[in-house]
2 protein chains.
Amino acid sequence: MEKEITIYDIAKQLNISPATVSRALNDHPAINNTTKSLIASTAREMGYRINPFASSLRKKRTNTLGVIVPRLNSYFMSTVLAGMEKEANEASYNLIISQSMESFKKEITNARTMFDSRVDGLLVSLAFDTEDLEHFEPFLKRNIPLLFFDRVMSHNQATSIIIDNVRAGYEVTSHLISQGSQRIMHITGSLKRNVYADRLKGYQQALSEAGIAYDDSLVKVTDLGMDTGQWVVQQIQEMPLPPDGLFVANDFCAVSCMSALKRAGYAVPQDVAVAGFNNDPLSQVVEPNLTTIHYPGYEMGEIAVKSLISHLNGVSTSHATNTIILRSELIVRESSLRLSSK
Amino acid sequence: MEKEITIYDIAKQLNISPATVSRALNDHPAINNTTKSLIASTAREMGYRINPFASSLRKKRTNTLGVIVPRLNSYFMSTVLAGMEKEANEASYNLIISQSMESFKKEITNARTMFDSRVDGLLVSLAFDTEDLEHFEPFLKRNIPLLFFDRVMSHNQATSIIIDNVRAGYEVTSHLISQGSQRIMHITGSLKRNVYADRLKGYQQALSEAGIAYDDSLVKVTDLGMDTGQWVVQQIQEMPLPPDGLFVANDFCAVSCMSALKRAGYAVPQDVAVAGFNNDPLSQVVEPNLTTIHYPGYEMGEIAVKSLISHLNGVSTSHATNTIILRSELIVRESSLRLSSK
DNA sequence: CTGTTAGCGCATTCAC
DNA sequence: GTGAATGCGCTAACAG
C-alpha cells in the first residue's frame, strides 16, 4: 500500500514552500518557469496526484458536470455522451451520468442526487412525461448553469441545444409526398416533448403545403416501444382507407413498424413507404434500408459541454440564455423510394 | 445566491457541538434518538446538504465508483448500467461512467482518469483489443478493488462476473443442429475476449458432440459492425458449399446478416437459420424474429456493484477473488425454426 | 451520550 | 518571485 504524495512532500524534497508548489502545479503566472518545470518533473517522479477533494473544498467547485438522459441504450445518446466526454476531458471535467428511464419521478431523484453531488453544471435531456422544471430550481438558485439538449423545455435561465425538428419533420413528410404518398400516418411519442411536438408541426406544414387535408386519426401517440409496430398495423387494418406512408419518430420504432407491416402482407415501400428518425446504424442494417434524418449527436454533445464550461468560466453571472440550433439532414434510402428505380 | 449551511450553523442553532451534529447526521449509534431526529429535522429546515468534499477529504474515501465500458449504445450495456446505478444509489455511491470505444488506448486513458478521480472501486468491461491489465495495476497497488464484468480477463486480484459463454454457445449451436443445420457458420468478435472465445468453444463442443467435423473456414472474426452482414454474405457466395446455419455473436450483427442474406435471395430460416446473442429488443422487432440468448444484464449490474461495495466494507484486505457466473437462457424464435410449423 | 481538539490537502490572502 | 499563515467543512480520536 503506497503512501499518497502531497504538495508538502514535494515542497520538502525541493526545500521550497508548499505554496510555491501549489502555484507551479496550477501554472500560476508569477512563478519562475525553471522552478515550474523542476516542480513538475519531481511531482511526476514522486508519483504525485492532486487530491481533488482538498482542491474542491478549497475552491468551492468540483470540476464535475452532471448529465441526466432518458436512456443510454440508443446509438444517438451514446454518441452525444461520447462528444460530451471528449470535451469534458479536454477541460478536465468529470461527468456523472444517470438515466431517468423516461420517468419524471426518477428524473427528480436524479436531479436531487446531482445537486447533492454539487456538480458545477447540469446537462439534461427530458423524460417522456416531465411536466415542469421545478426540480431544477435549486440549481438556478445556486447559480449552477443548466443546459437542455435534444429534449428541451424553454426556460429563461437555461440554454437549449436542439435541431430544427419542425424543419426535419417537414422534410421527411415532403419527401414521402414527393414519392407519391398521400395518406401519411405519423407515429410519435409524448407531445409534451418538443422533439415530437415539433416534428408533428413539420408534418402538418408539409401536408398543408401539398394541399393534403390534415387527418387527426392518422397521428398516433405511442411509447415508441417494441410493441408499437404491431399495434400500428392493427390500427391500419381497421381503417377503411389504409395509409400509404408512415413517418415514425425514431428508427427503432420505424423498424418495428416495417417488420409488422411486412408480416401483415404489406410491401415496403410499394404499399407503404416508411421513414424514421435519427440515422441509427440500425437503419442501414434492415431490409429495406430505412429513410431517416441524420442527427448530429456527437457535435451536440461537444457543443453542450463547451457551452456549459464557457458559461462557468464566463465573465458575468448574466444568464445569457440562448438556443443553439444544429443542422440535421434527410437521408433517403429504399424504404421510401417508390418512384425512382430500385 | 443562497449561503451554504454547514454543520456549524446547525450546531449553533441548537446550541450543541458540531461533532454531535456530524454524528447524528451519520446515524452514529451513540447518539440519543430524540436529538438525532431533532438534528435531522432542523437540518432539513435549514436546507443543509453535506459537503462531500470535506467528508471525502477527511474520510479518505469518495463514495464514487468508476465504470469503464466498451460502448454505451447497446440495450445490454444500458441495462447493466441501470442495475449498477440502482445498487449504487441505494448504497449512496456515485457512478462515473466512461466509454473506451473498443479501444485499448482509450481504455488506458479512462483508467488513468478514474485513478486520478480517486474512485473507491472500479468496474470494467474490456475493449476489443485490450492486451493486458497493466493499466489497472495502480488500483491494485492502492488496494482499490477491481471487478470485471462480461468482458473479463482472469486476474488473481480481481473478481469477475460473467455468464457461461461456453454453455450458451453450445446451446445455440445445438439448437441450430436440432433444426437440421449441418454447416453452421459462426460470426464472432475478437477472440482475445472471453465472451467470443468461449462462445466459439461452445460452438465447437456442440459440433463435435453431433459428430460434425469442425471447419475453420466457417468461423469468421469480424468487428460485428454494420457492414459485417454484407461481407459475410459475400463470403458465403464464394463458398462451394454455402452454410445452412449462422450463429452470430450479437443481435445487431445477426440482424445485419439476416438482412444481407435476404437481399441476396436466401430465405431465413429455410435456406439459412440464424441465431444471435443478447436478447436485444431489436431481436423481436425484425422479421423473422431472432433466436437469441437472453443475458441477465440488469442483474449483472446489480451484483457487480453489490459485490464491489461489500468488498469495500469487507472485514479483510484479503482479495477473495472469485468468479460469479450468472444464468443465461436460449430464446427460440422464428429465425431458426426450420422443423416445427410456423 | 456529548464536547474539545486537531488535521485531512489544498489555494489563497498578505507579507517580503 | 516566493514564503507563512489561515481556513474550506467535516470526522475521528480522546476526554469526560
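Here is the naming used below: chain letters follow the sequence lines, and residue numbers restart at 1 for every chain.
Neither OP1 nor OP2 of D/dT2 sits under 4.0 Å from any side-chain N or O of A/Thr20. One finds no side-chain N or O of A/Asn51 lying less than 4.0 angstrom from the OP1 or OP2 phosphate oxygen of C/dC8. Distances shown here put every side-chain N or O of B/Ser17 at or beyond 4.0 Å from the OP1 or OP2 atom of C/dT2. Proximity of A/Tyr8 to the phosphate of D/dG3: no side-chain N or O atom is located under 4.0 Å from OP1 or OP2. Between B/Ser55 and D/dT11 there is a side-chain polar atom (N or O) within less than 4.0 angstrom of OP1 or OP2. Within the 4.0 Å cut-off from OP1 or OP2 of C/dG9, at least one side-chain nitrogen or oxygen of B/Lys60 is found. Using a 4.0 Å cut-off, no side-chain N or O of B/Thr6 falls inside it from OP1 or OP2 of D/dG9.
Across the interface with DNA chain C, nearest-nucleotide mapping of A/Ile50 and B/Arg58 shows B/Arg58 to be the residue nearer the 5′ end.
With rounding to whole Å, A/Leu57 atom CG is found 18 Å from D/dT6 atom P. The interatomic distance linking A/Leu25 (CG) with D/dT2 (C1') rounds to 16 Å, in whole Å. Rounded to whole angstrom, the span from the CG atom of B/Asn63 across to the P atom of D/dC10 amounts to 15 Å. The separation between B/Ile7 atom CD1 and C/dT2 atom C1' is 14 Å, rounded to whole Å. If you take CZ of B/Arg23 and C1' of C/dC1, they are 9 Å apart, rounded to a whole angstrom. Rounded to an integer number of Å, the gap from NZ of A/Lys59 to C1' of D/dG9 is 17 Å. Regarding A/Asn26, its CG atom lies at a distance of 10 Å from the P atom of C/dC10, rounded to whole Å. Put simply, CD1 on B/Ile10 is 14 Å from P on C/dG3, counting in whole angstrom units.
A/Ser17 and A/Thr20 are linked by a side-chain donor-acceptor pair at a separation below 3.5 angstrom, with hydrogens and angles left out of the test.
At a threshold of 4.0 Å, the pair A/Glu102-A/Arg71 does not count as salt-bridged, since none of the basic side-chain nitrogens sits closer than that to a carboxylate oxygen.
Counting non-hydrogen atoms of other residues, nucleotides and ligands closer than 6.0 Å to CZ of A/Phe128 gives a total above 12.
Residue-level contact check: A/Ile31 touches the backbone only, with heavy atoms under 4.0 Å from sugar-phosphate atoms and none from bases. Using a 4.0 Å heavy-atom cutoff across all strands shown, A/Ser56 reaches no nucleic acid atom at all.
Closest to the side chain of B/Thr35, out of C/dA11, C/dT2, D/dG9, is C/dT2.
When ring centroids are compared, A/Phe136 and A/Phe148 come within the 6.0 Å threshold.
Using a 4.5 Å heavy-atom threshold, the side chains of B/His135 and B/Arg112 count as separate.
On a pure distance criterion of 3.5 Å, no polar donor-acceptor pair joins the side chain of A/Arg49 and the base of C/dG9.
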